[in-house]
Amino acid sequence: APLVSLRGVSKTFSNGTVALKDMSLDIGEREFVSLLGPSGCGKSTALRIIAGLGDTTSGTIAWPGAGGDPFGKHQREIGFVFQEPTLMPWATVFGNVWLPLRLKGVSKAAARGDVMEALAMVGLEKFADSYPRELSGGMKMRVSIARALITRPKLLLMDEPFAALDEITRFKLNNDLLHLWETFGWTVIFVTHSVFESVYLSSRIVVMAARPGRVFDELSIDAPYPRE
Ligand code: ADP
Ligand code: ADP
């Protein structure tokens with residue numbers, strides 16, 4: 001069964017903008033799916049709806065691969081990474097990555113092992129005591145990724161996470177992300193308008209047309225790394 005299944009999802013905002021129209025899509029466990037399309041085609045709207053951050057106007061979202069329970073149990077298993085790293089400037093790298101656990105009542109001492117493990121995944125364990133302003137753009141993005149991974153999500157939703165970075169940093173982070181995905185085997189839904197990024201990263205590309213929300217094609221390509 002697919003992890004998440006969208007059927008005929010449409011979204012019209014209150015100002016009349018049609019962001020998605022009749023979008024249907026199944027995403028299986030351990031897939032790395034890119035949503036590719038030009039600005040304004042509804043990629044972020046689709047991602048937010050999958051994340052439970054926005055309602056649909058019509059259509060359904062089901063989680064057959066997650067016991068049918070979308071939110072409640074499942075929501076904690078979703079990690080988000082947005083284009084802006086949105087780190088708290090007054091907290092250290094450790095404090096930023098700890099936050100999702102802290103909100104669940106996990107003390108600093110109890111969280112230490114998990115936080116340091118997440119920082120090690122993104123190569124920043126030596127920067128636990130640094131503040132965001134001391135870090136480069138690429139490092140801040142890696143802290144955001146560590147923060148998204150701290151709750152060990154099954155599903156990682158990424159909305160143009162590397163768009164603000166220079167090309168070399170972006171390429172490095174693409175490689176890091178692929179390596180993490182290969183190692184940990186999450187399901188990833190990755191919003192991008194970069195053809196290069198989608199081809200390089202994905203096991204499947206969903207191309208969305210400029211006409212709002214029409215999923216007009218899907219391309220299946222071989223995963224660039226072997227998968228189980
Ligand atoms: P993409 O991520 O592909 O750039 P979005 O999903 O952000 O596209 O937006 C799809 C369309 O919906 C765009 O025309 C955008 O202007 C519009 N839109 C997005 N959010 C809102 C909102 N909160 N209210 C009204 N229109 C919106
Ligand atoms: P960007 O290129 O966006 O500025 P990078 O993540 O590539 O960001 O890092 C920029 C610089 O920060 C690197 O050249 C390196 O000197 C330093 N740096 C980044 N990550 C580490 C790390 N894990 N350990 C030590 N230095 C690092």
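Since we're looking at a predicted model, the values are computed, not measured. Just so it is clear, the values below take in all heavy atoms, side chains as well, and ignore hydrogens, waters and symmetry mates. For ligands, and for the atoms within them, numbers begin at 1 and follow the listed sequence. Counting from 1, the numbers follow the sequence of the chain as shown.
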Top protein contact for atom 1 (P) of ligand 1, by heavy-atom distance
Gly40 N, 3.4 Å

Protein non-hydrogen atom below 4.0 angstrom of atom 7 (O) of ligand 1 present
yes

Atom 12 (O) of ligand 1: which protein heavy atom is closest, and how many Å away?
Ala19 CB, 3.5 Å

How about atom 19 (C) of ligand 1: does it have a protein heavy atom within less than 4.0 Å?
yes

In the protein, what heavy atom is nearest to atom 23 (N) of ligand 1, and what distance, to one decimal place, separates them?
Phe13 CE2, 3.6 Å

Could you tell me the separation between the CD1 atom of Ile145 and the CG atom of Asp176, rounded to the nearest 0.5 Å?
7.5 Å

With rounding to the nearest 0.5 angstrom, report the CZ to CZ distance, Phe196 to Phe171.
5.0 Å

How long is the span from the CG atom in Leu173 to the CD atom in Glu197, to the nearest 0.5 Å?
9.5 Å

Here the atoms of ligand 1 under 4.0 Å from any heavy atom belonging to Ser44 are 1 (P), 2 (O), 6 (O), 7 (O)

Near Leu103 CG, under 6.0 Å, is it more than 12 heavy atoms from other residues, nucleotides or ligands?
yes

Can you list the atoms of ligand 1 that are under 4.0 Å from a heavy atom of Lys43?
1 (P), 2 (O), 3 (O), 4 (O), 6 (O), 8 (O)

Can you tell me the protein heavy atom closest to atom 5 (P) of ligand 1 and the distance?
Thr45 OG1, 3.7 Å

Is Cys41 close to ligand 1, meaning an N/O of one under 3.5 Å from an N/O of the other?
yes

Answer yes or no for Gly37: is there a heavy-atom contact with ligand 1 below 4.0 Å?
no

So the atoms of ligand 1 within less than 4.0 Å of a heavy atom of Asn15 turn out to be 25 (C), 26 (N)

Going by the order shown, which atoms of ligand 1 are within less than 4.0 Å of some heavy atom of Ser39?
4 (O)

Pro38 heavy atoms within 4.0 Å reach ligand 1 at atoms 3 (O)

From the list Val93, Val122, Leu135, side chain to side chain contact (heavy atoms under 4.5 Å, CB included) with Arg142 holds only for Val122

Contact check, side chains of Leu201 and Asn174, non-hydrogen atoms, under 4.5 Å:
yes

Nearest to atom 17 (C) of ligand 1, what protein heavy atom do you find, and at what distance?
Thr17 CG2, 3.7 Å

Do the rings of Phe32 and Trp181 sit parallel, tilted or perpendicular, given the 30° and 60° boundaries?
perpendicular

Side chains of Val191 and Leu157: does their closest heavy-atom pair fall under 4.5 Å?
no

Would you say Lys43 and Glu160 make side-chain contact, with heavy atoms under 4.5 Å?
yes

